[in-house]
There are 2 protein chains.
Amino acid sequence: MSSRDQVPYTVLMARWEPNAAERLAHAALDLFAERGYENTTVIDIAQRAGLGKSTFFRHFQDKREVLFGGSAMDGLLTEAIAAAPATATPLEAVAHALDAAGREVFTPARREFIARRQAVIAANPELQEREALKNLALIASMTDALKRRSVPDLTARVAAELGALASTIAFERWSQTTTGADFSEIARQALDDVQASTALC
Amino acid sequence: MSSRDQVPYTVLMARWEPNAAERLAHAALDLFAERGYENTTVIDIAQRAGLGKSTFFRHFQDKREVLFGGSAMDGLLTEAIAAAPATATPLEAVAHALDAAGREVFTPARREFIARRQAVIAANPELQEREALKNLALIASMTDALKRRSVPDLTARVAAELGALASTIAFERWSQTTTGADFSEIARQALDDVQASTALC
DNA sequence: ACGGTGATGAGACTAAGTCCCATCACTTGT
DNA sequence: ACAAGTGATGGGACTTAGTCTCATCACCGT
């Protein structure tokens, strides 16, 4: 047994292990669910992940971001819209994007985790603000992606907005199902529902 | 001249004057425009208004809220939707609400002030988050107001969302005009444009 | 064994936001 | 006129978010 085995931090078995960001995100979600977002300190999160406060802020811009860092939804949606067949209408391209989201992000395996995350967000206005802004950014990205398909500005904006609404509705339905229902199918249905509703306005 | 004329704070001519909240809001907008939101301290704002930090937080929940406190848009929109003729379609009721906003809030006299405020918001993500959440709340309120008119849930939601989009677009157009164009008219046009675009999706 | 690189920790620092308590101006009742 | 009450305010102590700098540690190649 060399003397290195007794170096303090190595014994803790946390520093220097990989996936610091992921560990921090999990610790944060656990703590937020246990005691609430406001009763959880950044230092609490870092300690549970076996890290220090400095490291937390090296991985995340701020305390809210720890719940939003992972997804990379943006590129996924814009690429799916770009990859939609040239003959597709704007809303069909958006449907293509929601399909991709169902395949890559809103998978059955992640459903419970994502629902837990959403419950935490729903309980805290600060987190809802961050989510609202992220959603605006997604809509802007989808709008741009549609414009690159030569969709007129206003039409692109409306299609992106309706897509976002359909996505929100689909998410609500999906996160409540106990059956392992497929997000993509639910989203397609939601988009159809939304489109039908526009006619009744 | 009595000794009271020499009491320190009274000489400053700011404490105890009315409209503390309004004074704070104006001081804040001025400072944000001058040096930027992040380079302005709550203490700076309070000092320019001739008040203390405690008083600032007595009037506003937090630093962001000082830019969003006044409007009371919520009641205005919901009441206008409720007051729309019973024969009006959902989108017509929403148009009624945008009309009210043009009459009571987005008046020609306030155009410059509001545009200045919007420029400050556009320059800062923190403020955009707050604005995004306020917008979500407005959409929720309009949705509820429409439901109270016996509009089906989903239709209400879509109509509110389209109304919010039209409002955003109208606001963009209105705040750029140099002519004293009427917000209500611009909003009606924007709503027509949006509605026409839904058909092209 | 040596030095370089990248991730980390510790601590000082600023500002947001909360809380408590004393102070002040104004009002009311006597 | 005066005393007590009321409501708005100021000040300062306190906690936490977030920034920044510097030293330390593990790992990798030489």
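By convention in this document, chain letters (A, B, ...) are assigned in the order of the sequence lines, proteins followed by strands, and residues within each chain are numbered from 1.
Listed by first and then second residue, the salt bridge (charged side-chain N to carboxylate O under 4.0 Å, His left out) pairs that reach into residues 179-190 of chain B are B:D99-B:R188, sequence neighbours excluded. Pairs of residues two or more places apart, or lying in two chains, that qualify as salt bridge (charged side-chain N to carboxylate O under 4.0 Å, His left out) and include a residue from residues 128-140 of chain A are A:D62-A:R130, A:E65-A:R130, A:E65-A:K134, A:E129-B:R130, A:R130-B:E129.
By the salt bridge (charged side-chain N to carboxylate O under 4.0 Å, His left out) test, B:E172 pairs with A:R157, sequence neighbours left out. Applying the side-chain hydrogen bond (donor to acceptor under 3.5 Å, both in side chains) test to B:T198 and every residue at least two apart in sequence or in another chain returns nothing. In terms of the ring pair (Phe, Tyr, Trp, His ring centres under 6.0 Å) criterion, residue partners of A:F32 (sequence neighbours excluded) are, by chain and number, A:Y37. B:D44 pairs by the salt bridge (charged side-chain N to carboxylate O under 4.0 Å, His left out) definition with B:R35, not counting sequence neighbours. Residues passing the salt bridge (charged side-chain N to carboxylate O under 4.0 Å, His left out) test with A:D192, sequence neighbours excluded: none. Under the salt bridge (charged side-chain N to carboxylate O under 4.0 Å, His left out) criterion, B:E22 pairs with no residue, sequence neighbours left out. Among residues two or more places apart in sequence or in another chain, the ring pair (Phe, Tyr, Trp, His ring centres under 6.0 Å) test is passed with B:F56 by B:F60.
OP1 or OP2 of C:dT8 has at least one side-chain nitrogen or oxygen of A:H59 nearer than 4.0 Å.
Following rounding to the nearest Å, A:L24 (CG) and C:dG9 (C1') show an atom-to-atom distance of 13 Å. Taking atom CZ of residue A:F56 and atom C1' of nucleotide D:dT16, one finds them 13 Å apart after rounding to whole Å. Rounded to whole angstrom, the span from the CG atom of A:L51 across to the P atom of C:dA7 amounts to 13 Å. Taking atom CG of residue A:D44 and atom C1' of nucleotide D:dA17, one finds them 13 Å apart after rounding to whole Å. Distance B:I43 CD1 to D:dA13 P: 13 Å, rounded to the nearest Å.
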Please write out the pairs of protein N or O atoms and N or O atoms of nucleotides 18-22 of chain C separated by less than 3.5 Å, giving the distance to one decimal.
none

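Around the CD atom of A:E112, the shell of radius 6.0 Å holds no more than 12 heavy atoms that belong to other residues, nucleotides or ligands. Enclosure of atom CD in A:E34 by more than 12 non-hydrogen atoms of other residues, nucleotides or ligands within 6.0 angstrom is indicated.
Near DNA chain C, meaning a heavy atom under 4.0 Å away, there are no residues from residues 117-136 of chain B. Proximity of residues 27-42 of chain A to DNA chain D (heavy atom under 4.0 angstrom from any strand atom) is restricted to A:T40, A:T41, A:V42.
The listed nucleotides are C:dA16, C:dT8, D:dG18; the one nearest the side chain of B:K63 is C:dA16.
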